[in-house]
Structures are given as C-alpha cells and as structure tokens.
Amino acid sequence: MNESMSLTIILPLLGALLAAAWPRRGVFIGITAVLLSGLAVGWLWFSLLADGPSHQALGGWDPGLGIRLQVDALSILMLSMTALVALAVSVYASHYFTRRSQAERFWPLWLLMIAALNGLFLAGDLFNLYVTLELLSLSAVALTALGGKRAGIAAALRYLMIGLLGSMGYLAGVALLYSAFGTLDMQQVAAQTGDDPVSQAALIVMTAGLLLKSALFPLHFWLPPAHSNAPAPVSAGLSALVVKAGFYLVLRLWTEVFPDTLSTQGVTLVAVLGGGAILWGSWQALQAERLKLLAAYSTVAQLGYLFVALALFMSAPPGVARELLFGALVLMALTHAFAKSSLFLAIGVIQHRAGHDRIAELDGTAQRLPATTFAIALAGVALIGLPPSGAFLGKWRLLYSAISLDQWLLVVVIGIGSLLAAAYVFRVLGHAFGRSALSVQAIHSVHEEWPALLLALTATLLLGFGSAWIWPFLEHMA
Amino acid sequence: MNLLLTLTLTAPLLLILSGLYRKRWSAPIAAVPALLTAALIPADHVIALDWFLLGAQLGTDELSAWMLPASALLWAGAGLHHAWRSGSPAQAAPFRLFFLLAMTGNLLLVLAQDVMTFYVGYSIMGLSAYGLVHDRPSSSAPPAASTYLRWTIAGELLLFSGLVSLAYQAGSTGFSTLAIGQADTITVLLLLAGLGIKIGLPGLHAWMPWTYAAGQAAGSAVFSGAMVNAGLIGLLRFLPLQQPGHAEVGQLLLAWGLLGAFYGVLFGLLQRTPRAILAYSSVSQMSSMAAMLGFALIEPELAPAIIAAITVYAVHHGLSKGALFLAQDDYRAGARPRLSFAILVLLSLMLAGAPYTSGAIAKTLIKTPLTDEYAWIGSVLLFASTATTLLMLRFLFAVRASRRQQTPAPLASGAGVAIVLLVCAHLAAYTMYPLPTLSLHAIWPVILALLLGFAFMRLPAATRAQNQPEPPMGDLPTLMARWLIRRRWIVWLHSTLAAEHETEPGKHHEG
Amino acid sequence: MTLSNSLPALIVASSLLPGLIIFFLREGSHRLRSVLNMFGAILKLVLVAALTWGVFQDDFFETRWQLAPGLELVLHADALSVLFVNLSTLLWLVTTVYAIGYLEHSPHRSRFFGFFSLCVSATVGLALAGNMFTFVLFYELLTLSTYPLVAHKGTPEAVRGARIYLAYTLSGGLVLMLGAIWLQALVGPLEFVEGGLLSQLPDELHGQLTWIFLLLIIGLGVKAALVPLHGWLPQAMVAPAPVSALLHAVAVVKAGAFGIVRVVYDVYGIEFASDLGLLMPLGIAAAVTIVYGSIRALSQDNLKKRLAYSTVSQVSYIALGTAIFGPLGTIGGVAHLVHQGVMKITLFFAAGNYAETLGVHQVSEMNGIGRRMPLTTLAFTVGALGMIGIPPVAGFVSKWYLGSGALEAGVAHWVLPVLIASSALNAAYFLPILQRAWFRPAASSWPQENIPARRFETHASLFLPPLVTAALALLFGLFAGAYWSPVEWAGLIAEREYLR
C-alpha cells in the first residue's frame, strides 16, 4: 500500500531524471515511466479497495511537520484520470515533435509535471501541497515555452508570474495557519479552524491564490494565450489536468479544512464568478477564429461549471441530494479532462495535416480526417453536456440541485452556457460537412488519431454509460 | 348471395386492377353484378363486416331496393352508351377508369347501411367524377372540372362534419340507430348544406350546369341520375324525418325547395346549351323533392308516405334525366336523329308530368300526403310542372339548334339505351302506383305551358331577345364569385398568399 | 438475461450495432453495407413482432441500466411505445431500401447509413423510454444523429439548414431537460405509468406543475413543429429525400408529437391535465399550427417545402387529439401518429423520385408527370388524398375520431371548424398538384432526366417503397376495424389510459 503511494510519485520523477540524462531515449523512457506510474495507480486501487482510505508518513516523521501522503476515493479518481490522460497524450506526443531539441526537452518536463500532479493529489499536508503546486507550475510554464515561438514565450512568462502570485497567496495562507495552529497536517488543521479571523484570512488568501491558478473568471486572462500557444500535447495536459489541480485543492480546502469557516457570501461570490466564467468563456469561444483558442476558452467556461457545482455543493443542505451532487461534480471534472485532452490532441492532428487551425478554412481537412473529426464531435458532445457523455449526467444533477435550491439564475446561466457551447462546437463540426474543392481522400493514422479518439470515447460512452459506480465509491472510500 | 353483393362492389375495381378497363366493354360489364343483385337479393339482407372500415354494414333495405336498380341501370346504360360511342379504346381509357371508380363509390353508398360506409362511397364517387368532367383537353373542361371539384370538396367537408356529429349523437354509425338518436339543428343544417350541393339546391347549384355541359354524355347521364340521387339518398337517410322538433328547419327547406323549383326554370330558360338547360331542370326537380322533405320535417307523422313518394320520384327523375342526356347525344351525333328526337320528346313529357307517364305518377304521389293546411303546396307544385314543361320546350328547341350547328358524323347509335331507361322508369312507377287516375289534372299544366310557349314564339323577335348574351352558367353564385374576385382586398389577400411564388429563389436542384 | 428484460435493449441494439459497424466500412463495400442494413432492419422487425405479441397479451418487458443514482436508463414496452416502435421499424425497413437506391452514386455513404441507423436507434429508444430521463437522453441523441443527415449534401444550403435545425432542436432539448429535471426535483425519478401519477400531489404544487408542463411542451413542441417553434422544419427539407421522409414521418417530428402524448397521458395523466386546465391551451396551440401550416403550404412552389409545411400542420393533429379529453380523441390522435407517418413518407418518397428521376423539384414543373411516372404518382395521390382526409385512406379515420372526440369533449364548436378548414386547405394545396400530374399535358422535356424510362418508370428500389407505404395507408383506412389496425391498437391504448 505505502509503496504504491510513493511509487506513483517516484516513478515519473525517476523517469524525468533518466529522460534528462538520456535525452535520445526520451520517448522510450517517457512512455515506460507513464505506464509504470499508471500501473502503480492500479496497484493503489487494489489496496484501496482492500484496506480502505489510508495515509502514510513519508520518512517516518510525525504528522504535523513531516511529509504525509494520503489516499481516498477522490484522490484515486484524480490519479486515475491523470494516468489515463497522460498515457494517451504521451503516445500522441511520441510522434508529435518534429525537432529533436523540443522532444528532448519535453519528456523530462512532462514527467516532472505528472509527478507533481500525482504528488498533489496524494499530499496530506498543506506544505507539501505548496511544494507540489509550485513544482507543477514551473514544469507547466516550461512546457508552455516549449513551442519556442515569440507568443508562446510571452504567454509562458505571464503564466509564470501568475503561477508565482497564486503560489504566494497560498503560501501566505499556509503561514497564517501554521502560526495560529502550529501544524500543517490537514486533519489537524481542520480540527482547529472555525469562524475566527485567522481562519477566514487564511481561507481568503489561499482560495484567491488557487482561483488565480485555476483561472476562474475574471482571473482567467492568462489561460487562453498560454493554452493556445503551447504544443498540442502540452495544451492537452494543461487544460485537462493542470487547471484541475487548483480546483481540486479548493475542493479539498473548502470541504475538509475550512468547512466551518466558509461564509455564504464567499460561496455566492464563487457561484457568481463561475456563472460569469460560463457565459464569458463560452462567448469568447464562439468568437474565436482559431481552434486552439476556442478550446482554451472552452476550458475557462468548463471551470465555471465546476465552480458553480462546488458552490451549490457547499450551500446544499446535508442529505442524499448533496452526496449525489458531489459525485456529479467529480464526474464532470473527469469528463472534462478526457474530453478536453481529446479535443486538443485532435486539433493537433488537424494543425499538423492542414498547417493551420483556422476554423473558417477547415472544410477539406475535416473530411480528410474522419476519425479525428469524429473525436472532435464526441469531445464536443461531452463539452456541451449532451448524452451519451458523463457531462450529461453531471449537468442533470447540477441543474437538479440548482432547481431544488431555487437558484433560477444559475439554471438560466447553465442553460445559456450549454447553448453557447453547442454553438461553438457545431460551428466547427459544420465544416466537416461542407463541400470542399479539394479531392477528398480520407487519411487514417493510428498513432496520431487514436489517442484523441479513445479519450473522447472515454469521456462519452464509458463515463456516460458506465459511471454509476462513482457515487457509491466516493461514499464508501472517502 | 354475399358473393354477389361483394362482386357488385368489387367488379369495377377488379376490372381496373386487372387492366381490363382499357377494353371498351368494361364499363357496362362492371354494372352487371349490380343489376343481378338488384334483381336477386331481397330487401333487408344486411351483412356486417367488422374488419372493414370501422365496422361496416352492407346490404339492402327498402330504400336501396329502389335505388340500387335505378343506379345500376343508369351505370349500365351510360356504360353501354359510352362503349358504343367512344372511338379508339385507348383514348377513352382514362374516362373509363374514373367511370368505374365513381361507379364503385355510387354502388357502395347505395348499399351502405352505416354512416361511414356511406360517406366512403359518397366521397369516392364525388372525387372520381372529377375525371368524368375533365375528360377531354378542351377549353371548357378544366374550368368546369375545377368548379365541380371546389363545390364537391366543400360539400363533402360539410357532410363530414354533419355525419360525425350525427353519428356521435346517435351513439353508433348504423342506420338502424340513427332514427332513434337526437340530432341538433346545427347537425341538420350541416347535412342539408353538404348534401344540398350534390342535389343542386338553389345557391348551391353553381357547379351543376358547368359539369353537365362538359365531358361525355355518358358522364352527364350518371351525374344527373345516379349521383344526384346519392345526395337525395343521403337526405332521406340522415335528416331526422321521423322525429318531431325540426319544424323550423323544415320550413326553411320547404321555402328553399319551392323557390328552387322556379329558380331553376327561370335561369334554365335563359340558357342555350341543351345540357345546361337539363342541369337547370335538375335544380328545379330536385328542389321540388327537397321541398317535400321540408314538409316531412314539419309533419313527422306523414314522413313515411313522403319518403315513399320521393323515392319513386327520384327513381323516375334519375332514369328519365339520364335517358335525356343519352338521347340528346344520340340526336346530336347519332345516325337516327328522328328516332332520337321522338324519344327526347317523350322523355320531356315524362319530366313535365304528362298523363300516364311515370312523371304523372310521381307528381301525384308526392302531393297525396299534403294536409289541408298545406294544400297550397300542391298548387305551387302544379305551377312548377308548367314551368318544367316550358323549360323542356326550350330544351327541345335548343337541341334542334345544336344539331344544326354540328357537322353530322353519324356513329353507331344507342337509342335503345334511352328506351330501356324510359321503360324502366315507368315500370318502377307503375309498381308503386298501378292506376294513374289523375289524367285530366295532369294534362293541364302541360297544355298551359304549350300555350305559353306558343305565345312566346309569336312575339316579335326583338322582344324575344334571342341575340342577347345569356347569363353565365351557374348564374347568380357564379356572378357573385366573379364580382368577389375583382374586389381589391381579395386580390390583395391572394397576392399576399401567393407572394412566395415570386420570391422563391429559382429551382433547387439536388444531388 | 431473460427475454422479458433483454428484448427492449435488443431492439435498440439491432440497429445500433449495424450502424456502428457501418461507420468503419470502406466507402466501396456497397454490398456488405446493404446486407448489414437489411439484416438489422429485418432482425428488428422480427424482434418487434415478438414484443408486440407480448404486449398484446399484457406481458412485461423492461430493461434497466443504472447510469447514476436516481438516473436510470429504463426501456419499457407498453401499448403506446409498441405502436411507435412498430411504425419506426416498419418504415425504417422501407426507407432503407429506398435510401440504398436513392444514394446509389453519391459519396459518403458509410457516414450516411451509419447515422441513419443511429437515428433509428434513437427513435426506437425514445419510443421505449420508460421514464423522463431516458426519454430526454434519446431525444438529445436523436437531435445529434439527425444533424449529419440533414447536412449530408454539404451544400451551403444544407449546412445552413442543418444549423438552423440544430439551433432549434438543441434549445428545445434544453428546455425539455429543464422541465424534466424540475419535475424530478419535485417528485423524484418519474416512470411513465398509464394514467399518470401526478394527480396524487398536493394542491400547492399545482402551480409549479403548470410551469413544468409549459416547459415540457415547449421542449417537445420544437420537434413537433408547433407554431411558432416550427421554423426549422421547412429549412431541414434540404436533406436527401430518404432523410426527409424519415424525419417527417417517423423520427424527429414524430418524436416530439409522441413526447407530447407521453407527457399528457403517462406523466400528468389526461384527467389531471384536464383538471389543471392544460389541455385547452395545448389544443389551441395545435389548432393554430394546423391552420397556419396549411396556409403557408398553399403558397409554396417547391414540392418538398410544400410537404414540409403540410407536416407542420398534420403533426399537430396528434397534439390536438391529445388535447381533446376522452377516449375518442385519444384514438384519433394516437392513430394519426401512424397514419400521418405512412402517408407523409409516401409523399416524400414520391417527391424524391421526381427529383431523382426527372429533376423535378417544383410543383409548376409537374405537368403530366402522372403519365411518365404512373406508379409513383399513384402513390403520391393516395398520400395526398389521405392528408386531405378523403376516405378510404387512413387520414380520414383519424379525422373521424378527432371529430367524434371533439363532440365527446364538448369542444366541437372550435375543433370541427379547424378540422374542416384544414381539410379544405389541404385540398387547396394538394389537389392542384394531382390535377397537374394527371390531367395536364406534359412539357416537352423534363428539367433533368437522370433515369430513362425503360421497363419501369425508375429504379425498382425507388418506386417500390412508396407503393408499399401507400398500400399501407390505404389498408389502414380500409381495414380500420381489423384487429391489427393502428386504430384498434390506439383503442387498446385509450382503454388502458382511461380505465387505470
């Protein structure tokens, strides 16, 4: 059990070191490391199912100061998500980079990012979270800059500034808590937080920092340039996984560390911002002229859904409906991860084949790449929240809660957001049916197209029809 | 026996499906099973077919025992006439197709013993008859056919709403239950309007002259005989004749019918086309029958006698009117014009009700049930006979004129058909009323009319206004329609509705 | 896995799986694709026959699959769903034959037939849906799987038409989903039950229930093309003829109408809906649609567009029948679900034949077409007469029941005039077509004669399907009293709705 927990972090970390040491073997090392850490997650699954949630003090230090890892249902789901998405993206990335220098720099950073993510999902104390968060930011920034273009570097620099600012906010909160309660272990801190000013101040600065990192409207301004200028596999990783880290932390803090500190106004504020994100993100996605920008703004909107769901979850009275909403929230996060990574990979394929990603000029390309177009369609269905995707179930629950709580404004916002999402998705798909002047010869390329397709199928069919276990799982393994 | 009944209805259809309708003899042959049924199957033989339509009942009762032979004779006779007269078989095939379809519908409605089956037959007949009007691509046929279709559709829709409502109020569609159910006034009016179009009540008759004047004579013969009687059968079956409480409607119908008896003659006299004159005569005759139906509504206890009288009248009128069309055609283009003309004269006398003819019997019968209070109706009807005689006189003159206009191209003549129909009309009438005693009474309206006609011929030509333009066929309703479509708002409405025609972007060609 | 809990799922799968396989077939493998299509269609027919027999005997068929707590995929067979499943299965078979002939030389056939099968699977799923959630799920799937079919030709018009279609139907789907969720928030996951369940709710919820009804009907009304939500339908006629045929007769439009029937009868319960005063507004909306659609159809010269507006009008007969309280109205509305289907699919098949064989798209080009293509025109004639309501074609029977139902419910004073006006308008826009086709002399040449007249007027796979459906329309009318007729089955439904 314990070994598997640390293995999920150590394996990619080791991979990163090896990839840095033998850059020419980067692809082999990278895929092996991702595969192995995925197996470690699998092992962790078995232990969790056998023994239930557990924690581990790394290096034998006492809780409070030492490094503490813990695993429960939520974290294992996040780990699995990371493992699967990372695997698909890695397979895609193995043939993506045309310049060797890029490829050689990609793999160490990519593995480092996965290690940081895994660490973040497993961390049981606040300081550790800070460390993994910082590591994640830095590796993500470096990956963003990988494209080497001017716009990409500028976006990466801005991303770096934002990342640092967010981390500082978080660190300030951690410092406040440590000075007040003398511990950094989440369970020990949670036992002492309450309605007091210190807790409130800590909550505010930490949340603010994390919201900045997870690009909640109107703090999203850095995200579209960063995600849309990175190489395709990086964009997929950033949009699907990295922003989830911030959201995951907010979720953990709100529900486990500060359950009594949180005020109604705070929740309302987040709900309002989430609603704003849905509308603004979707609207901007609809205006976008390039596919990648569209996908990036779609991420802004989708994060809005997650935060709205979180706000509703926090304000719902205890009961079955609340538990169901939590499962829906997790399901939406998972679906988005698979769908968005699929979308970015598919866009990568199109960009590679067509040499551009301008939406207005897609007609011929879409018809030459039926599998990729199909992947975009499925991912799009998941982003809109239509059946047969996991997001449909999630959105059903979300609206259910909003109606039960008489939050009609949110219902309207979610509704408009869905329609805008449909508009931007089908704006792209319409081109798949347009008559092109070029002779249409379908291209099939397995390693290039299948990762996107499989991710999209996971987001739709697998999560749409086979996700009923998530709810009982979350309940029993929390 | 059921086989015969089935064959009656399916024979025309089988001829169509097998393609035999292309043969010219298919038209009369199709009516043979109907003739056999009429001869062999007794009244009150009804079979129930639960799976057909919404549970159909087919068979014969008292009314259909009269109407079926008449209809069958008319269809057979018209079919025979058509077979003799038509040129190349292929050319007339479409006509026969519609002829057979209309025949199916007509026989179905005659044999129907429930509301829905009746309506099905009525509707099939009405629509298929479009093909009888729109027979040749001549200039007059399409507008006549369109006029016919508009009125027919309107009539069927009105009848539909009336029948739905009637059947609902009766709780069942079988005729046997209709008599018990209570129909409200709106229902009765709907039925009256719907069926009134078919029998050509004044105001609803505009299509009749157009239709009778267009197409082949065989078509007009079944129109004026079998199909007009379909409307009458409907009225006899569906009006609440034996129930009290419909006196107002009765008075309305009485007034309407009596008005029609003269209205038809008046406008008929102004026509020059022989077939149009016959159409106006139908308006007049059917209106007289409608007036008596109105009387039955006023006096429900007298209804059975009136119904019996009207039945005989309808059979007489249908057969003689059908024969008139056929004989007129024989005269116009046949090889033996003199014989044909003699038959025409005889038939005219029948319609006028000259003594010892079936017409005299019909007119006597129809007046018999009148009570003292309503004795004046009898006098009015007598004057109507005079008017009819005048009209028939006008018809005979017009017929002679038409012969002169045509280049005679003698064809095999079927004068025999008209004779058979004529004889059958008398047979029918004498079965009902063997000894016509009112010979003297019956003669004077005819004499009066002859005198009037003679006097008219003596008038100076200028006064006779022979060269004045005649009113259009369909007279007042047609004029009103023509006036209406010139109104600005109607034009505006029409152009608004049709606006999309112009703005429609060309043609959408698709892969 | 017994038959009783797997049959509904098998029925959905029998078109879904062939469809999914077809996506992966090469464009050139025509024969395999046709075999798969026909195999699926015939297998489905056999399964549906078994289901029908079972339901007739009051057997129980249900497939359940939990997607999430409180959100179950329920496929359940009752009398109403069996009617709709039969209609879709039968017409799918016919349309598949037609489509194979129609698309003989066009590109993207794997894509077309793949989505075609998905579309039918969604329709059948929707028919068998046992609760609101499942219904919404398949309703949205239907929208998605139809979009590629409408856009299939790829012309700017087709893409535009498809976009408009999507904008309407997705919005409608969203509204429907909101209504369904709201309902679930009030009363929990709601299964369809004959007679409905909501009447047991306390009075203070009635206000909310009225709003929910409005949402549900708006959501369904988009697909059922209730005025003013009908705007997509005339635009969607840019689709290839088999798609239009299926769209107008079975799949999309019918799904909306079927949904309205479901909501009124099996969610609210007709008596409760009547008590809440919901039937009258629904009836008026239907009546307005009936008249409006017919008036617009009058002025269309494009044949398919005229047919599209005719659909707008005719489908609302179903809603009208639903809104008429009483078993007779129910029978009329439910039977028209089938009757309109077979008649309208005939008309669209015929329109497709004219376009494909002679390049005739406009009514004004149809002079004398009856002599060139007698069988097709015969089928068209039967369909058109049925639409007007001329006996003995099936449309007449529905109208008879609707009229009787209106009398029964005491609303005849406005329903009968609407029926009459609609019939008159139908006659005004269909009869001139028939007159042109049969009675006017043909022009010297056709716009674009693609298929010369040899032994037959066109390909057998093109002229046979409309003949089959026309024959059905005729049989359903002529033998309305037979135990297998849609009317009798509708009677069974009405009996179960009102007596339970």
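Sequence lines set the chain letters: A, B, ... in the order given, protein chains first and strands last, and positions in each chain run from 1.
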Distance from [X] atom [atom1] to [Y] atom [atom2], nearest 0.5 Å?
{"X": "C:Phe396", "Y": "B:Leu53", "atom1": "CZ", "atom2": "CG", "value": "7.5 Å"}
{"X": "C:Leu407", "Y": "B:Thr187", "atom1": "CG", "atom2": "OG1", "value": "7.5 Å"}
{"X": "B:Leu149", "Y": "C:Leu434", "atom1": "CG", "atom2": "CG", "value": "9.5 Å"}

ask   = Taking the inter-plane angle between the rings of B:Trp51 and C:Phe479 on a 0 to 90° scale, is it parallel (under 30°), tilted (30 to 60°) or perpendicular (over 60°)?
value = tilted
request  = Go through the atoms of B:Tyr122 and report whether side chain, backbone, both or neither lie under 4.5 Å from a heavy atom of chain C.
outcome  = neither
ask   = Where on B:Ala56 is there a heavy atom nearer than 4.5 Å to chain C: the side chain, the backbone, both, or neither?
value = neither
So for [X], is it side chain, backbone, both, or neither that comes closer than 4.5 Å to the heavy atoms of chain B?
{"X": "C:Val360", "result": "neither"}
{"X": "C:Glu488", "result": "neither"}
{"X": "C:Ser404", "result": "both"}
{"X": "C:Ala412", "result": "neither"}
{"X": "C:Leu478", "result": "both"}
{"X": "C:Leu385", "result": "side chain"}

Any side-chain heavy atom of [X] within less than 4.5 Å of one from [Y]?
{"X": "C:Pro391", "Y": "B:Ile124", "answer": "no"}
{"X": "B:Leu54", "Y": "C:Tyr401", "answer": "yes"}
{"X": "B:Ile153", "Y": "C:Ile390", "answer": "yes"}
{"X": "B:Phe160", "Y": "C:Lys399", "answer": "yes"}
{"X": "B:Val115", "Y": "C:Trp400", "answer": "yes"}

Around atom [atom1] of [X], are there more than 12 heavy atoms from other residues, nucleotides or ligands closer than 6.0 Å?
{"X": "C:Arg436", "atom1": "CZ", "result": "yes"}
{"X": "C:His413", "atom1": "NE2", "result": "yes"}
{"X": "B:Ile186", "atom1": "CD1", "result": "no"}

ask   = Which atoms form the tightest heavy-atom contact between B:Leu157 and C:Ser423, and what is the distance?
value = CD2-CB, 3.4 Å
task = Name the option with the most non-hydrogen atom pairs under 4.5 Å to chain B; the candidates are C:Val487, C:Val363, C:Leu431, C:Ile420.
result = C:Ile420
inquiry  = Aromatic contact between B:Phe98 and C:Phe439, with the criterion being ring centroids under 6.0 Å apart: yes or no?
reply    = yes
